[in-house]
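So the structure is just underneath, and the comments pick up after that.
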Amino acid sequence: MPELPEVEHVVRALRRVVMGRTIVAAEVKLPKLTSPDSPSKFVRQVRGSTIIGVSRRGKFILIELERTAASPQSGRKRSRKFDGVKNFVLVVHLRMTGKFLYLSPDDDLPKHAHAIFYLHNDKRLVFRDQRKFGVMKLVSISRLKSTKGISELAPEPFEDGFNLAYLQATLSRSQRTLKTLLLDQTKVLGLGNIYAAEALFRARISPFAIAARLSAKRSARLHTAIQDVLKFAVAHIRGSISLAEGFSYGAAFETFWQVYDREGEPCGRCGTRIRRITHGGRSTYWCPRCQRR
DNA sequence: ACCCTCACCTGCACGC
DNA sequence: TGCGTGCAGGTGAGGG
């Protein structure tokens, strides 16, 4: 259930092994995965393409594909709809349980393998997703930035656009609570339920504080905390995950969660018991003493 | 524009 | 052992 650091990790891992590989065949076993495109249309479009880039926008994975001249239907004239659309991007969102696996020919296909990309080197890139929330779609490069879901995203947290002025302006326009706002990918990009909680704890601000009422000092603390939490997680994940397990993540870094999933445990800073409430079906964890409104 | 609830799914941990 | 309940790191739709 990845947030930005986990997605970043998957991107780096993918880049190491699939760059330059040609997709010789593909299978989609779950039609809704590629909706509204049918699996057959999706497969037709990726077959014969070569992976020339792997990157990320927020929590979306972007796999850049180049249509190579020698497509499987090379005997026939290339269909008109590909004219002028040479490169396109496979946009993937892992949602809660999506994972990529890189399998050898003798590896068994695991349960919940909804898409399989057969690569030129006999390996298979498998998309596995037990809860079936993940989505995949093909977008031409020229239309990527204007694609619904991508175009609305807030600036990348480590790029210039996400500066203190941006955050303060964004906060000042919202009457929502910080916890809710931090989960809104069109306002602040990359946090999920865990890192939102952790960032607020680091900044020593209540999750229930109203965004527009945050002082300049506190919003500066929040800005730093968001970047620090994400940076720390990216560094940590990199060191702790082995490729042998596929592109999984998350094994053991509950250890650095300071509030998430720690209901009833003493706060590491003041010893007060960490509290948890749920609203809208999502848990919020915080230290009632360190994080006052 | 916002808020809330539900929906999408499967699996796991828990209490009885 | 089984069964019911609640919960899971994400997002979108639909109603108010």
Side-chain angles (χ1 to χ4, degrees), chain A residues 1-11 29-36 56-61 91-100 110-115 127-137 147-154 157 169-201 207-213 226 229-230 232-234 236-237 240-241 247-264 276-286:
Chain A
M1 303 146 214
E3 304 180 28
L4 187 142
E6 290 78 14
V7 175
E8 177 64 26
H9 167 73
V10 171
V11 163
K29 300 184 167 194
L30 180 73
K32 73 166 230 174
L33 177 62
T34 56
S35 173
R56 176 188 67 65
R57 177 80 176 95
K59 300 176 192 173
F60 288 90
I61 296 169
V91 179
V92 183
H93 201 299
L94 304 174
R95 294 288 177 94
M96 297 285 263
T97 51
K99 284 180 171 61
F100 278 107
K111 232 177 146 180
H112 311 298
H114 305 313
F127 182 73
R128 182 184 185 197
D129 184 9
Q130 64 182 26
R131 288 177 76 178
K132 303 181 182 171
F133 292 167
V135 288
M136 246 180 218
K137 65 176 162 187
T147 298
K148 188 174 175 291
I150 305 273
S151 63
E152 304 90 342
L153 294 175
T170 302
L171 293 172
S172 72
R173 278 185 254 110
S174 173
Q175 300 305 124
R176 303 153 87 183
T177 64
L178 286 178
K179 175 67 190 314
T180 308
L181 185 126
L182 293 184
L183 293 177
D184 183 341
Q185 304 296 300
T186 71
K187 303 294 190 294
V188 174
L189 190 57
L191 299 173
N193 209 31
I194 293 177
Y195 297 124
E198 296 298 320
L200 287 164
F201 175 78
F208 313 108
I210 301 301
R213 291 194 222 139
I226 289 167
V229 135
L230 292 174
F232 183 83
V234 168
H236 205 87
I237 292 168
S240 69
I241 301 298
F247 310 127
S248 59
Y249 43 74
F253 47 89
E254 300 92 355
T255 48
F256 71 63
W257 296 344
Q258 303 190 73
V259 284
Y260 185 82
D261 203 25
R262 293 198 178 277
E263 182 183 16
R276 164 184 175 272
I277 64 154
T278 84
H279 55 274
R282 317 218 60 195
S283 293
T284 291
Y285 298 87
W286 82 107

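Reminder, nothing fancy here: chain letters follow the sequence lines and each chain counts from 1.
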As a test of reading the structure: which of C/dT11, C/dG9, C/dA8 is closest to the side chain of A/N193, going by heavy atoms? C/dG9
Starting at atom CG of A/L182, determine the distance to atom P of C/dG10, rounded to an integer number of angstrom. 12 Å
Interatomic distance where CD belongs to A/Q258 and C1' belongs to C/dG9 [whole Å]: 17 Å
Given B/dG11, is OP1 or OP2 found less than 4.0 Å from the side-chain N or O atoms of A/T97? no
Quick check on C/dT11: is either OP1 or OP2 less than 4.0 Å from any side-chain nitrogen or oxygen of A/H93? yes
Length of the CG-P vector between A/L33 and B/dC8, whole Å: 18 Å
Answer yes or no: does a side-chain N or O of A/Q185 lie under 4.0 Å from OP1 or OP2 of C/dG10? no
Main-chain N/O of A/A212 paired with A/Q175 side-chain donor or acceptor, under 3.5 Å: no
Please measure how far the P atom in B/dT10 lies from the corresponding atom in C/dT1, and state the result in whole Å. 25 Å
Pair A/Y285 and A/W257, ring centroids less than 6.0 Å apart: no
Kindly assign one of parallel, tilted or perpendicular to the pair A/F232 and A/F256, based on the angle between their ring planes and the thresholds 30° and 60°. perpendicular
Would you say the side chain of A/L33 lies within less than 4.5 Å of the side chain of A/K132, judging by non-hydrogen atoms? no
Can you tell me if A/Q185 uses its side chain to pair, donor with acceptor, with the backbone of A/A154 under 3.5 Å? no
When the distance from CZ of A/R95 to P of C/dA13 is rounded to whole Å, what number comes out? 10 Å
Reckon A/H112 has a side-chain N or O less than 4.0 Å from the OP1 or OP2 of B/dG11? yes
Looking at residues at least two apart in the chain, or sitting in another chain, which of them share a side chain to side chain donor-acceptor pair (under 3.5 Å) with A/E8? A/R12, A/R56
To the nearest Å, give me how far apart CZ (A/R282) and C1' (C/dG6) are. 15 Å
Can you work out whether A/L183 or A/S283 has the more 5'-proximal nearest nucleotide on DNA chain C? A/S283
Intermediate values then yes/no, side chain to side chain contact (heavy atoms under 4.5 Å, CB included), A/V91 and A/T147: CA-CA 10 Å; A/V91 179; A/T147 298; 6.0 Å; no
Between A/T97 and A/R131, is there a side-chain donor-acceptor contact under 3.5 Å, judged purely by atom types and distance? no
Closest nucleotide of DNA chain C for A/E3 versus for A/F60: which of these residues is on the 5' side? A/E3
Nearest-nucleotide 5' precedence on DNA chain B, A/K32 against A/K111: A/K32
The side chain of A/K148 is closest to which nucleotide in this list: C/dA13, C/dA8, C/dT11? C/dA13
Base-paired stretches in DNA chain B with three or more consecutive Watson-Crick or G-U pairs, both distances under 3.5 Å, amount to B:2-8 with C:10-16, B:10-16 with C:2-8
Here the distance between atom P of C/dG6 and atom CZ of A/R276, to the nearest Å, is 12 Å
State whether A/R173 places a side-chain N or O below 4.0 Å from either non-bridging phosphate oxygen (OP1 or OP2) of B/dC2. no
Measuring only between side-chain heavy atoms, which start at C-beta, is A/H93 closer than 4.5 Å to A/K59? yes
Taking atom P of C/dA8 as reference, at what distance in whole Å does atom CD of A/E6 sit? 16 Å
Measure from the side-chain heavy atoms of A/S174 and tell me the nearest of C/dG10, C/dA8, B/dC2. B/dC2
Take atom NZ of A/K29 as the centre, draw a 6.0 Å sphere, and report whether it contains more than 12 heavy atoms from other residues, nucleotides or ligands. no
Give, ordered by number, those residues of residues 129-137 of chain A having at least one heavy-atom distance below 4.0 Å to an atom of DNA chain B; if nothing qualifies, reply none. A/Q130, A/R131, A/K132, A/F133
B/dC2 P sits how many Å from A/L178 CG, rounded? 14 Å
